[in-house]
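Read the structure below first, then the notes.
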Amino acid sequence: MSHAEILTNTELAHRFRRLADLLEIRGDPVFKVIAYRRAADSLAQQPESARALKERGELGAIPGVGKAIAQKIEDLFDTGTFKLWEEVVREIPPGVADLLQIPDVGPKRARQLYAELGVKGLDSLREAVEQGRLSEVSGLGSRGAQRIVEGLRSLQPPSALIPLGTAHPLALSLLAELEVQAGGLAHSSPAGGVRRRCEAVSDVAFVVAHSRPDSILSLLSTLPTVAEVEPTGERAAAARLHTGARVTLTVCEPRSFGAVLHHWTGSREYITRLAAFASERGYELTEFGLTSGGELETFEDERALYERLGMQYVPPTMREDADMVDAAAAGEVPVEIEVSMLHGDLHSHSTWSDGQHTIREMAEAARARGYEYLCVTDHSQSLGVANGLSPERLAAQRVEIEAVNQELAPFRLLQGVELEVRGDGSLDLPDETLAALDIVVASVHTGLRQERDRLTSRALSAIRSPYVDVLAHPTGRIVGGRAGGDFDMDALIAEAARTGTILEINSDPARLDLRDTHAHQALVAGCTLSIDSDAHTTDGLGNVWYGADVASRARATVGAIHNALTLTEMLAGLKRHRLRN
DNA sequence: GCCGTTTTCGGCCCGACTGTTTTCAGTCG
């Protein structure tokens, strides 16, 4: 069947997510909707193809996939559709689900827009807005209508940019597939914005080296995830994946790999400035190396290129701006922030709130990473969806933490909390509870769309509390998703510097918050930063490399990173201890 | 719809914030 050949796990996940949205709009029981969403997430994460599992009769082994969903997957492979899908899209056009992308439009509003205005999708809604028909919707006032208009305007075209958290693993998996197909590669690396750790990229670039470069390009179209390939040069091609992502591949001989990788890593501004610098020294910098007196010198290793130019090596995370060329010439390139510099993590979750692993499992994973300490900072009480902790539950958690500490010493588990800053700026737990904890990480999760003054004053009241040590993900933005709150960042940074409140670089690839530019601004203002995982699983602890690279892009020094301190220094440096002593 | 050392039923994702229908429904995290 032709359907079977093109159905990837990602596509199956898309289909079930859309089904869940449509069912929710139709008003089906919420737990049924949740079940489809969970199955979709699970399919997207499944390393083995659903097709292979189907052939072995093991679809049911996927978590969240039971008899009913397994049957629907089989039907999709066999016929390209299934009965419930056909039934639902007859009632609600699939495009109606796109309305859910608009802030403030949920399932009820989407259904209303369809039922009362005949809106069948985003374009259809734009038409209705132009015709001024939004006022016809029952129960939608002028402010509500205005929000929908603004929300509609703020929508990005789909997949315009790929977040780093998607692009990086994608680049690695494509390289792995290519390596298998090629029977080994001399060298390979992601390039472009992915390698510079830009938070989002327009395409996923990579460079591979092989003794027979021309044989590699033709392999690209054989990869199962690749939809179409277009040659863009003798040794370069652009491809589009089934997911819609754009990929660019450059191949070269092993002896040129360093120079070619360097060229395609960019940034353009940086390369242009470096070429000018090389030219002043009698070299022409090209994609393939350095030319001097008509003679091309190739470089297998990037560092050798820098050595030939008589300058310090510049890591990819610092190749955004041209000024680093001058710094490298003067031998003043900052030391890159690396995960190995971190002694612990100040922000993580366990099964006490919405984490997936127990305190003990998290502690053991942190110890295995070589950490000296881990702060368990489960959510506070008012975040109901995350099963937030009351003072009583925190006291009970303390007992468990101490027990784990007995066993794992000298490794140290610290008890903290991720404290809700409420809508009115008050804190979600009483002072005496906060005072008894080792560390407090405060977060603004709710009301992120309040107007600037109100939102800013909430964050400021958290920063000014003597019990708040860290402000977590300070803007609340989601990369490629919501923009984050309209905080006055100048005011937050100034107050954090004044009070000694640590500002977090949240390493969750969906957040990367503070972003590089804000982190740089905070460093200049004299703030201390932390690089935290916000892990909800043991694997999540490993995300700190994203945060470390944000710090490098912000040109942080290790002295400004609070969790690069040893346990004793880290604790002594917390606001609560400095104020007490 | 899925899941089960509380297995074939009854749980599972709760509470804050907001606008508006002024007593609560819808959205969001």
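Chain letters run A, B, ... following the sequence lines, proteins first and then strands; every chain starts at 1.
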Parallel, tilted or perpendicular, as decided by the 30° and 60° cut-offs, for the rings of A/H379 and A/H349: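 Plane angle under 30°, so parallel.
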Ring geometry between A/Y36 and A/F16 (parallel below 30°, tilted from 30 to 60°, perpendicular above 60°):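 Rings of A/F16 and A/Y36: parallel, as their planes differ by under 30°.
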By the 4.0 Å heavy-atom rule, please label [X] as base, sugar-phosphate, or nothing.
X	answer
A/L383	nothing
A/R37	nothing
A/S142	sugar-phosphate
A/R111	nothing
A/G106	sugar-phosphate
A/P103	sugar-phosphate

Per A/R422 side chain, nearest of listed nucleotides B/dG19, B/dC17, B/dG29: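 The listed nucleotide nearest to A/R422's side chain is B/dC17.
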Closest to side chain of A/V385, choosing from B/dT27, B/dT18, B/dC14: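 Nearest to the side chain of A/V385 among the choices is B/dC14.
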I'd like the [atom1] distance from [M] over to [N], given in whole Å.
N	M	atom1	answer
B/dC28	B/dT23	P	25 Å
B/dC9	B/dC14	C1'	23 Å
B/dC13	B/dG1	C1'	15 Å
B/dG10	B/dG15	C1'	23 Å

Any residue of residues 85-101 of chain A with a heavy atom less than 4.0 Å from an atom of DNA chain B: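 Here the set is empty: none.
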Salt bridge flag under 4.0 Å for residues A/R449 and A/D104: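 So A/R449 pairs with A/D104 through a salt bridge.
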